[in-house]
Amino acid sequence: MLIPSFAILAFFSGVGFCKLYEDVADLPALQYDFVVVGGGTAGLVVASRLTENSSVSVLVLEAGPSNVGVLDAQVPFLADGVANNGTPYSWNYSTIPQTGAANHVFEYLRGEVYTWWMQLAQQDGLAYTRGAAEDFDRYANLTGDEGWSWNKIFPYFLKNERWTAPADHHDTHGQYNPAVHGTDGPIQVSISGFSWSEFEQHVIQTTEQLPHDFPFNLDMNSGKPLGIGWFQYTIGGGERSSSATGYLTPAVLRRPNLDILLHAQVSKLVNVTQSRVVPAEPLAFRGVEFKYGSSLHVAKASKEIILSAGPIGTPQILLNSGVGDRTALTALGISTVLDLPGVGKNASEHPYFGMSWAVNSNQTVESITQNATRYNEAFAEWNRSHTGPFVDPTPGTHAGWLRLRANSSVFDIHPDPSPGPDAPHFEMIFQPFGFAGTPGHFISLTMAMVSPVSRGSVTLSSADPFATPLIDLGLFSNEFDALALTEGIQFALKFVTAPTWNGYLGAPTVDLTSMSPAELTAYIRAHSGPGVPRYPDLKVKGFAGLRVIDASVLPIVPGAHTQAATYVVAERGADLVKHSWS
Ligand SMILES: *[C@@H]1O[C@H](CO)[C@@H](O)[C@H](O)[C@H]1NC(C)=O
Ligand SMILES: *[C@@H]1O[C@H](CO)[C@@H](O)[C@H](O)[C@H]1NC(C)=O
Ligand SMILES: *[C@@H]1O[C@H](CO)[C@@H](O)[C@H](O)[C@H]1NC(C)=O
Ligand SMILES: *[C@@H]1O[C@H](CO)[C@@H](O)[C@H](O)[C@H]1NC(C)=O
Ligand SMILES: *[C@@H]1O[C@H](CO)[C@@H](O)[C@H](O)[C@H]1NC(C)=O
Ligand SMILES: *[C@@H]1O[C@H](CO)[C@@H](O)[C@H](O)[C@H]1NC(C)=O
Ligand SMILES: *[C@@H]1O[C@H](CO)[C@@H](O)[C@H](O)[C@H]1NC(C)=O
Ligand SMILES: *[C@@H]1O[C@H](CO)[C@@H](O)[C@H](O)[C@H]1NC(C)=O
Ligand SMILES: *[C@@H]1O[C@H](CO)[C@@H](O)[C@H](O)[C@H]1NC(C)=O
């Protein structure tokens, strides 16, 4: 994709971002009630909600730079570029070779602009999908806490959300269900604001021509996601809506009880004490050690330390602090504070497989990405009026949520991993562009296995807290996932057999139909990539004043992009913290 040389512009300079500290020397103190580690999606929600109480002080430590002036972080169409490895906003992490996926090493995309949800990856950035009601009811069941059930969590979805008209103000009647959306929360959510009408019509007509396999679903965020519907994004007025824009408004930033320090990379939790308060939680960390420039500092938390550092950062910090598997820690020379073998285990990942076809049309994203004149025009239009193709991210116009057939032989390998009959095994994403990057016009269908059985891990490579951790996604380590995805591909191939595609669809870039099922499975293993890793329950038992508030507290990855779930975890998490200190 072309990236204009003027991609970094100081749009917001001059706006009063006075409480975002660029230098540790400017911080008024290093003693707070709460220290929040990580200024991503969850961390900023927690910080914003806790400081609603003016007698509570909060410090957020964020490793990345500010979003100020980072145009890629504002323009939805450019969103994919920011977390790419090799940019200043990335950790440049990669996985260890994935034996289940032909030994491929994948870049682990983890944008660290504080604006950003750290789970930003190509497919995931701005998608707003809540998952199935059954996902949350299963969390309630697994945790024994009814507060995680869909009915109890639903008000938090509404509290977080502000449904917003799309940038082109088109009639959205019949494209979503207003009854399941919030209207006054901090995060703007909308349907695409630029139409790829020809492609969209073929997708919608397929739901009419093959309704048995591909029924239309008015709103995939109702708790019953199955079917094909219009994608919803965290976008408002043609700009990305994020924790930073929604929860860290200028008014919140001016709160005297909230400080945010940028460029502060947390190494570990320190100053462990015996807690006298709660016998069941005998230990407490009082300090958070972080590196600023080349020097180490400690921020003290008198009430709680809240880890919102995401699926890699959170376990890495716990392990660095001596909280983890004793044998592994001892082998690295790290002394164990508490032997918790589960830390960093059970990582799971949605494997993605994309298929592209040439099309007999000029109305694809390539008309912009392969034409510098058009690209510059589109950018200027966004800059002028926040309209045009740059108001949307490139991932897709629609998504479909599908289940394996009930009689599928893959259930002989493993029982159904989905949380119930109304929850998906697959997500299918519909995209008006190709993946090959070759000249011409293409469309793509991407299949993701959203109820994976494979599990991976995050472990330390050394006692150096700043060393890159070993990230193993465990991609396709369980045969179930590869065979299930092979069946999922058949759904995509069936989708394009609807009559509406005749005359529009050309040749596929790879002919999957000529492969035997075994060849197809091998091909999928070799050509699938990760979406984003997630973690199950990391509740830090044994410690007073230490919580994890990010998507990693969900015991099993929801069958969805996790941005929406991260918001409700953070909103409820903030309420739980408030409740225990009021
Ligand atoms: C990632 O690589 C880029 C380009 O080399 C660099 O600017 C950035 O600082 C790196 N990120 C980290 C966390 O080292
Ligand atoms: C979890 O679900 C099982 C099976 O439906 C049920 O027997 C059990 O009581 C549930 N547990 C909780 C805590 O809801
Ligand atoms: C807290 O931990 C830091 C880093 O290990 C150490 O330098 C400092 O002395 C400790 N403070 C107290 C009061 O123990
Ligand atoms: C990992 O997940 C499995 C099943 O989901 C569970 O039985 C196991 O206890 C988990 N292990 C850890 C360390 O959390
Ligand atoms: C695509 O654009 C080219 C150049 O503008 C034009 O010649 C051609 O007819 C167009 N093709 C289609 C299918 O619209
Ligand atoms: C490139 O875009 C310009 C401006 O929209 C248009 O006039 C021109 O025909 C396009 N070129 C091709 C090859 O489609
Ligand atoms: C964007 O708009 C500003 C004025 O609002 C202008 O100075 C700048 O040149 C524009 N940039 C582009 C690429 O059009
Ligand atoms: C599985 O069910 C589908 C209908 O849902 C049917 O077409 C197919 O033949 C069945 N396959 C087997 C192996 O029974
Ligand atoms: C605000 O925080 C203080 C100190 O923790 C607490 O005593 C008070 O109850 C809180 N107020 C509310 C409305 O929660």
Side-chain angles (χ1 to χ4, degrees), residues 24 29-37 46-59 61 159 210-215 226-227 252 255-258 264-277 283-292 294-306 317-323 329 333-337 402-413 416 418 421 424-426 463-466 483-484 486-488 490-491 493-495 497 517 543-547 571-582:
V24 66
L30 281 169
Q31 173 76 55
Y32 294 81
D33 292 328
F34 297 92
V35 175
V36 176
V37 178
V46 172
S48 178
R49 291 300 183 196
L50 292 185
T51 53
E52 286 170 351
N53 181 337
S54 61
S55 60
V56 161
S57 65
V58 173
L59 172 68
L61 294 170
K159 183 180 186 184
L210 299 175
H212 176 73
D213 284 312
F214 307 110
L226 296 183
V252 172
R255 287 177 187 162
N257 56 337
L258 172 61
Q265 193 179 347
V266 170
S267 48
K268 57 186 169 185
L269 311 180
V270 293
N271 306 130
V272 69
T273 61
Q274 296 292 317
S275 160
R276 280 169 296 264
V277 192
L283 299 165
F285 288 108
R286 286 288 162 239
V288 180
E289 184 190 79
F290 62 94
K291 185 168 77 172
Y292 179 87
S294 55
S295 57
L296 292 174
H297 304 262
V298 173
K300 294 288 182 73
S302 61
K303 290 196 164 87
E304 290 192 26
I305 295 164
I306 292 164
I317 290 165
L318 286 170
L319 294 169
N320 288 339
S321 314
V323 180
L329 292 174
I334 296 171
S335 57
T336 302
V337 172
L402 306 169
R403 284 183 66 77
L404 285 157
R405 293 192 198 288
N407 61 5
S408 169
S409 59
V410 299
F411 294 124
D412 299 342
I413 299 176
D416 185 356
S418 77
H425 297 110
F426 304 111
D464 171 6
F466 301 107
L483 293 177
T486 306
E487 291 198 21
Q490 304 300 338
F491 283 107
L493 297 176
K494 180 156 190 191
F495 193 85
T497 64
F543 288 90
L546 179 58
R547 280 185 219 247
E571 283 280 14
R572 178 163 191 247
D575 269 0
L576 293 172
V577 175
K578 280 183 173 180
H579 186 254
S580 55
W581 292 100
S582 66

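Order of appearance sets the numbers: ligands from 1, and atoms from 1 within every ligand. Only a predicted model underlies this, so the values are computations on that prediction, with no experimental measurement involved.
At the top of the distance list for atom 14 (O) of ligand 9, counting protein heavy atoms only, stands Ser582 CB, 3.5 Å. Residue, atom and distance of the protein heavy atom nearest to atom 1 (C) of ligand 9 are Asn53 ND2, 1.4 Å. Atom 3 (C) of ligand 9 has as its closest protein heavy atom Ser55 OG, 3.4 Å. Looking from atom 5 (O) of ligand 9 to the surrounding protein, the closest heavy atom is Trp581 O, 3.4 Å. Among protein heavy atoms, the minimum distance from atom 13 (C) of ligand 3 is reached at Lys300 NZ, 3.9 Å. The protein heavy atom nearest to atom 2 (O) of ligand 8 is Asn407 ND2, 2.4 Å.
Checking only distances, Asn271 does come within under 3.5 Å of ligand 3, N or O to N or O.
Here the NZ-CZ distance, from Lys159 to Arg572, works out to 12.0 Å after rounding to the nearest 0.5 Å. Interatomic distance, CG of Leu226 versus CZ of Arg403, reported as 7.0 Å (0.5 Å rounding). Remark: Ser408 OG to Gln490 CD distance equals 11.0 Å, nearest 0.5 Å.
Under the 4.0 angstrom criterion, atom 7 (O) of ligand 8 counts as lacking any protein heavy-atom contact. Closer than 4.0 Å to atom 11 (N) of ligand 3 lies at least one heavy atom of the protein.
Across all their heavy atoms, Tyr292 and Val24 have their closest contact at CD2-CG1, 3.5 Å. In this structure, Glu304 and Ser580 approach most closely via the heavy-atom pair OE2-OG, 4.0 Å.
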Query - side-chain contact (heavy atoms from CB on, under 4.5 Å) evaluation trace for Leu404 with Phe426 - result: CA-CA 8 Å; Leu404 285 157; Phe426 304 111; 3.6 Å; yes

**Report entry** Derivation and outcome, side-chain contact (heavy atoms from CB on, under 4.5 Å), residues Leu576 and Arg547
**Finding:** CA-CA 10 Å; Leu576 293 172; Arg547 280 185 219 247; 4.0 Å; yes

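Here is the list of ligand 9 atoms found below 4.0 Å of a heavy atom in Val56: 2 (O). In the vicinity of Lys303, heavy-atom distances shorter than 4.0 Å reach the ligand 9 atoms 5 (O).
Within the 4.0 Å heavy-atom criterion, neither part of Lys578 lies near ligand 9.
With Leu258 as the partner, the side chain to side chain contact (heavy atoms under 4.5 Å, CB included) test is satisfied by one option alone out of Val36, Val56, Leu59, Thr51: Thr51.
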